[in-house]
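Okay, so here's the structure we're looking at.
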2 protein chains.
Amino acid sequence: MAEQGAQVVARVGAVLRVLSAAAGTPASTSRVAEATGLTRPTAHRLLSALAGEGLVDRDADGGWVLGPEAYILGAVAADRYDITELARDAVRAVAHATGESAFLSARRGDESVCLLREEGSFPIRSHVLYEGIRFPLGVASAGLAMLAMLPEAEREAYLARADLVAEWGPAHATAPLRARLAAGRATGYVVNPGLIVEGSWGMAAAVFDAAGRPAWALSATGVESRFGPDRQGEIGRVLLEQAHAVTQRLRAR
Amino acid sequence: MAEQGAQVVARVGAVLRVLSAAAGTPASTSRVAEATGLTRPTAHRLLSALAGEGLVDRDADGGWVLGPEAYILGAVAADRYDITELARDAVRAVAHATGESAFLSARRGDESVCLLREEGSFPIRSHVLYEGIRFPLGVASAGLAMLAMLPEAEREAYLARADLVAEWGPAHATAPLRARLAAGRATGYVVNPGLIVEGSWGMAAAVFDAAGRPAWALSATGVESRFGPDRQGEIGRVLLEQAHAVTQRLRAR
DNA sequence: CTAGGGTGTCCACTAAGTGGACGATGCGGG
DNA sequence: CCCGCATCGTCCACTTAGTGGACACCCTAG
């Protein structure tokens with residue numbers, strides 16, 4: 001039984017996150033129910049009430065999307081939380097230097113969420129990441145980068161509570177995951193060898209907030225052939241350099 | 001008694017709107033309770049639960065602000081609802097041509113909410129409007145402009161249900177308000193003769209969405225001495241021209 | 001035309017949510 | 001340094017808001 005007054009709020013949070021993760025693609029009532037673990041009448045009721053508040057909207061075909069009030073909340077909250085303007089040059093620099101699509105992601109609890117994407121110039125690109133998409137911290141390269149740089153106690157606590165194998169496969173068991181994180185701490189950047197979509201690789205480096213905590217990550221993704229040993233060092237170097245530059249800018253403000 | 005499943009959602013909406021309207025200024029628990037009409041324990045419980053979801057945050061002094069999840073929701077929703085990039089040049093043109101601060105506001109139900117502000121060059125400026133601030137439709141010039149251009153049935157329905165006198169004074173009674181709206185329909189722009197803060201005047205023109213509905217407004221505000229009959233026509237012309245340009249751009253996309 | 005999948009709504013039931021009261025904390029003034 | 005006042009967080013008896021299984025309706029594809 002939830003803390004009093006929290007159950008509906010938690011459900012609202014879950015519903016909004018699902019629509020956010022859908023990145024503007026309308027979701028059906030059944031889809032929202034499934035993704036949030038709610039029953040369909042409950043999902044429908046919450047969605048209708050949220051639509052009444054303008055936090056969600058309904059498209060012409062009955063699909064649910066984030067609403068105009070969500071946009072306004074975000075525009076106001078951007079003053080405090082938005083680093084995309086400050087980081088945009090760095091994301092572009094990664095895309096330009098590596099030819100791969102580059103991203104800025106933030107940590108949100110036990111998830112990473114993609115905030116910014118810059119297309120790379122290389123004609124074959126991975127489209128696994130887009131603004132709003134979320135992954136567990138141990139899954140996408142951005143989340144791996146932030147997880148690797150957390151204090152050991154927090155990292156181990158996460159590994160203890162997160163069950164990634166069920167949904168993401170045995171490559172996400174604790175032992176291989178710890179190895180990946182240890183390698184990331186050694187080099188400063190992490191490598192995701194096609195564990196979300198086979199053949200789509202990613203690399204990432206953490207960006208630290210003013211308190212020294214890994215709160216964001218810069219990453220690059222592309223096809224496997226572009227992430228071999230011959231290029232990994234260079235991509236890693238560029239990611240580290242640009243991530244460090246963003247960290248410095250954040251400290252300076 | 002609310003529609004089932006709606007009471008807590010409505011309260012969440014109200015809490016988030018209050019924090020949004022505070023435009024980043026931290027609000028105390030008592031302040032949120034007062035502004036939303038909730039009791040203090042209820043406000044505290046909802047705020048704590050929303051903090052758990054990341055939709056609100058608590059600053060170092062215990063004040064409540066919109067949280068990182070609110071920012072993310074808004075960033076995702078911006079794809080569908082953000083016209084500030086498209087309208088920025090027009091807002092700047094109003095500021096430049098008139099010397100006054102210029103704004104873009106949106107209609108949100110029975111309120112107008114300020115989305116964008118450009119400072120004017122004239123050294124004496126009004127600071128009544130800022131991003132996130134909300135007014136009833138019949139109060140700020142932006143809301144007046146949108147209200148004036150609504151279909152008559154909707155406008156009259158609003159006038160029937162909105163009681164603006166209690167909080168805003170007798171100048172907001174239905175008769176003077178109708179006159180102001182009629183004048184606005186005749187000229188295409190509305191004038192707010194210092195009714196929010198004495199001496200701070202505003203003028204606005206509506207921007208229409210693809211369906212021809214007044215969904216936004218461009219406005220200019222400044223000190224009374226700058227809004228006399230000698231300048232009203234020119235300011236009105238600039239507002240109309242720029243609002244029309246934004247309307248055209250919206251149709252074209 | 002039929003079947004399947006998705007939708008919206010109902011309402012008996014109960015668990016979640018409420019708010020008055022109380023104690024704690026912090027700050028400012030004397 | 002102490003006291004008063006304002007604000008805070010928490011408690012828990014009470015009640016009503018929220019729930020979800022069931023049902024009817026709608027739409028689309030074969």
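Chain letters run A, B, ... following the sequence lines, proteins first and then strands; every chain starts at 1. Predicted, not measured: the structure shown is a model, and the values here were computed from it. In what follows, every heavy atom counts, from backbone to side chain, and hydrogens, waters and symmetry copies are set aside.
- Taking every heavy atom of both residues into account, A:M146 and A:P214 meet most closely at O-CG, 3.4 Å.
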Polar-atom pairs under 3.5 Å, protein N or O versus N or O of nucleotides 21-28 of chain C: list them with distances, or write none.
none

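- Of all heavy-atom pairs spanning B:S20 and A:L73, the tightest one is CB-CD2, 3.7 Å.
- Between B:W64 atom CH2 and D:dT7 atom P the separation is 17 Å, expressed in whole Å.
- Per the geometry, CG belonging to B:D61 stands 12 Å off P belonging to D:dC8, to the nearest Å.
- Relative to the side chain of B:Q7, the nucleotides D:dG21, D:dA17, D:dG9 differ in distance, and D:dA17 lies closest.
- Nearest heavy atom pair, residue B:G138 against residue B:L144, reads O-CD2, 3.4 Å.
- If you take CD of A:E34 and C1' of C:dG6, they are 13 Å apart, rounded to a whole angstrom.
- Each of A:L50, A:L47, A:V9 was scored for a side-chain contact (heavy atoms from CB on, under 4.5 Å) with B:V9, with one residue passing: A:L50.
- Per the geometry, CG belonging to B:L38 stands 11 Å off C1' belonging to C:dT18, to the nearest Å.
- The CG-P distance, from A:L46 to C:dA16, rounds to 14 Å in whole Å.
- Comparing B:S28 and A:R11 against DNA chain D, the residue whose closest nucleotide sits nearer the 5' end is B:S28.
- Remark: A:T29 is in phosphate contact with C:dG8, judged by side-chain N or O atoms under 4.0 Å from OP1 or OP2.
- Taking the six-membered ring for Trp, A:W168 and A:F135 have ring centres closer than 6.0 Å.
- A:R45 places its CZ atom 14 Å from the P atom of C:dA16, with the value rounded to the nearest Å.
- Regarding A:H44, its NE2 atom lies at a distance of 20 Å from the P atom of C:dG5, rounded to whole Å.
- A:R31 comes within contact range of no nucleotide atom at all, as no heavy-atom separation falls under 4.0 Å.
- Remark: A:R213 pairs with A:E154 by the salt bridge (charged side-chain N to carboxylate O under 4.0 Å, His left out) rule, at least two apart or across chains.
- Considering only the side chain of B:R58, D:dG9 comes nearest among D:dG9, C:dG19, D:dT19.
- Under 4.0 angstrom from either OP1 or OP2 of D:dT19 there lies no side-chain N or O belonging to A:T39.
- In this structure, B:L104 and B:I83 have side chains that are in contact, with non-hydrogen atoms separated by less than 4.5 Å.
- Residue-to-nucleotide proximity on DNA chain C shows that, of A:S30 and A:V9, the 5′-proximal contact is made by A:S30.
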